[in-house]
Amino acid sequence: MLQVYNTLTRRKEPFPKQPGETVTMYVCGPTVYKPSHIGHMVGPVIFDTVKRYLTYLGFSVRWVVNITDVDDKLIARSAELGTTVPALAQRMTEDYFECLKQLNVTGVDAFPRATEHIGGMIRMIGHLIAKGYAYPAGGSVWFDVSKDEDYGKLCNRDPEQMAEGGRIEPNPHKRNPGDFALWKGAKPGEPPEVTWESPWGPGRPGWHIECSVMSTTLLGETIDIHGGGLDLKFPHHENELAQSESATGKTFARIWMHNGLLKLRSKEGKEDKMAGSIGNVLNVADALKHVSGEVLRFFILNTHYTSPIDLGVWDREKDPIPTSIEAARKAYATFERLAERYQRITGTAFHELKAPTRASTDYPPPLRDFQQRFRHHMDDDFNTGGATAVLFELASFLNRTADTGKLESAQDLDSPEGQVFRQGAMLLKELGQILGLFWSAPASLALGADGQLVGGLMQLLIDLRNNLRAEAKKIPGKDDPAKKALFAQTDLIRQRLAELGIVLEDRPTGTTWRRA
RNA sequence: GGCCCCUUAGCCAAGUGGUAAGGCAGUGGAUUGCAAAUCCGCCAUUCCCCGGUUCGAAUCCGGGAGGGGCCUCCA
């Protein structure tokens, strides 16, 4: 049975709905003022996987991710760049969407923009004032935390103590130190495109009210899952929860899920989260120059989502990419080589194999066991790290099956091993799909722009080399100088290709090549 | 100062009361003309330290050390 860790109760709970029912999920999206870095992808990848698994179990999931396209940082950054807030937001939103696409995050049903919901925010703020939870002061509107009895329940925080030791800016208009802005009065000099009229004067919405309104508008007053990064717990989610429940009187979210943050370690060994303010970011676009989106996704899913993801020490001068991602690339190559093998044997591409997206039960015993173990891990609070281990074991099983069955081509698929291989490959695809993997051709087979030419030249080289090998093998004995000379030539060709990043593999059925 | 969390092999990382998954690296073998790939082995008597509970603890409790997140914008 599916269990999910709920930040609100601080324990694992049985999932509150039954297969067949609709699950609503809201995840806080980005403020679109800078290109996305790897850390921004953790939440989307995890919740995309959550949706895929829930779908696999038979739930129907509706998932919303907001885009914050008006805010202080956007105003500051667009002024710096000499552009407008909408133009900058548009550009960075496109960057974000492209990153999601590269990481195969396909499950988001709606991306509402904050600026499309100003009316709803004004209504909710008015409602909160009418109910006595909020008050206008100095052109802004504040939420009164002292009026909300259970304020602080998500983070176990006492509003009375918030002033002490904290770094809350004193504001003469606030009644309590912990009060936060629902509506921010326009400051002089702010561009008109970030100013809206309201009953309390011109201004723009506070950050927290956006999510309350967009989730309520698109998913209803009570949602099933609210997700986001651990750094958003306070104040953002706490405030969102307070506003929403004060306004509706209903439970805002049944389950709160928080993903761990991506961390980089400095050379001194100190760990830091990846953040623009610290300057230690790795942009998605830059990472994609060195590894595929599949590898990045696999890397993220290797760790349980509640744990911080350790990028380790990264020496930018030396390595194009952190060694932890490089290790993930090497590990993932196991699956890519199996995909190549699948293609050699069956003649069809593994990533194009159509596998069920719902749980199927008709696998024979040795395979069913892999499926059950995979599900067991996923049922335990989406333990993707444990689940990937099962994928590796299944890959190993498939290679073993192909070895013992001597599977080389499509004719061999009728044998008992051939049948198991075919079904096992289907299961691997089925389970990989849940993690959002195996959707693209292995990078090692990519030919690039001059694909036909490169492929042709490679075949030419391979044919010439194999002529030499055949000549050499005709010469009897081991130490014949002529034989040695021929093999020296074939080895030189392989060596020089390796220096170009191309690996030749001599198999009983012929020579294949791939990128390292 | 307050609130939360983490510490498992050289590295990454599952495991949440029944005797340590998986990956990277390393290493021995099968296979190969040699490689590569693949397969079969080996690689933590022990889970930061010290106490306690228990027939039994990496797992629960107490204390200590180290690290992290939040309390300000942050995925």
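This is a predicted model, so every value here is computed, not measured. All chains are named by letter (A, B, ...) in the order of the sequence lines, taking the proteins before the strands, and each is independently numbered beginning at 1.
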If B:U32 has a Watson-Crick or G-U wobble mate with both distances under 3.5 Å, name it; if not, just say none. none
Any N or O donor-acceptor pair under 3.5 Å from the base of B:C34 to the side chain of A:Arg494? yes
Considering only atom P, compute the distance from B:G29 to B:A35 and round it to an integer number of Å. 11 Å
Please tell me if A:Lys473 has a side-chain N or O lying less than 4.0 Å from either OP1 or OP2 of B:G33. yes
Side chains of A:Gln243 and A:Ser212, donor plus acceptor under 3.5 Å: yes
Check whether any side-chain heavy atom of A:Tyr26 sits under 4.5 Å from a side-chain heavy atom of A:Trp63, and report yes or no. no
Do A:Asp72 and A:Arg77 sit within salt-bridge range, that is, some charged N less than 4.0 Å from a carboxylate O? no
Under-4.0 Å salt bridge between A:Asp381 and A:Lys12: no
Before accepting this row, confirm whether a basic side-chain N of the pair A:Lys34/A:Asp95 lies closer than 4.0 Å to the acidic partner's carboxylate O. no
Using the P atom in both, what is the distance from B:G62 to B:G22, to the nearest Å? 34 Å
Please classify the nucleic acid contact of A:Leu262 as base, sugar-phosphate, or nothing, using heavy-atom distances under 4.0 Å. base
May I ask you to evaluate whether A:Asn383 reaches the phosphate of B:G15, defined as a side-chain N or O under 4.0 Å from OP1 or OP2? yes
For B:C49 and B:A25, measure between their C1' atoms and round to the nearest Å. 29 Å
Protein heavy-atom contacts under 4.0 Å, written 5' to 3' over nucleotides 18-26 of chain B as B (base), S (sugar-phosphate only) or - (none), form the string ---BSSSS-
How far, in whole Å, is B:A58 from B:G52 if one measures between their P atoms? 15 Å
Heavy atoms under 4.0 Å, any strand shown: does A:Thr303 hit a base, just sugar-phosphate, or nothing? sugar-phosphate
Any Lys/Arg nitrogen of A:Arg337 or A:Glu340 sitting under 4.0 Å from an Asp/Glu carboxylate oxygen of the other? no
Ionic contact status for A:Asp148 with A:Lys153, cut-off 4.0 Å: no
Would you classify A:Leu232 as touching base, sugar-phosphate or nothing, given that sugar-phosphate means primed atoms plus P, OP1 and OP2, and contacts are heavy atoms under 4.0 Å? sugar-phosphate
Base, sugar-phosphate alone, or nothing: which one does A:Asp491 contact when heavy atoms must sit under 4.0 Å apart? base
Below 4.0 Å: OP1/OP2 of B:C40 and any side-chain N or O of A:Arg400: yes
Look through every strand shown and name the nucleotide pairing with B:A21 as Watson-Crick or G-U wobble, where both distances are under 3.5 Å. none
Say you pick atom C1' in B:C12 and the same atom in B:A44; how far apart are they, in whole Å? 15 Å
In Watson-Crick or G-U wobble terms, with both distances under 3.5 Å, the base opposite B:A37 is none
Check every strand shown and say whether A:Gly43 touches a base, only sugar-phosphate, or nothing at a heavy-atom separation below 4.0 Å. nothing
B:C70: pairing nucleotide in any strand, Watson-Crick or G-U under 3.5 angstrom: B:G2
With a 4.0 Å cut-off, would you call A:Glu326 and A:Arg329 a salt bridge? yes
For the C1' atoms, the ones on B:G18 and on B:C73, what distance do you get once it is rounded to whole angstrom? 49 Å
Counting Watson-Crick and G-U wobble pairs only, both distances under 3.5 Å, name the nucleotide matched with B:U46, or none. none
If I pick the P atom on B:C50 and the same atom on B:C55, what distance separates them, to the nearest angstrom? 23 Å
Scanning all shown strands, the Watson-Crick or wobble mate of B:A65 with both distances under 3.5 Å is B:U7
Hey, does A:Gly152 reach any base, or is it just sugar-phosphate, or nothing, if we go heavy atoms under 4.0 Å? nothing
Under a 4.0 Å N-O cut-off, is there an ion pair linking A:Arg373 with A:Glu393? yes
Quick one: which of B:A14, B:C34, B:G69 gets closest to the side chain of A:His304? B:A14
Quote, to the nearest angstrom, the P distance that separates B:A36 from B:G66. 46 Å
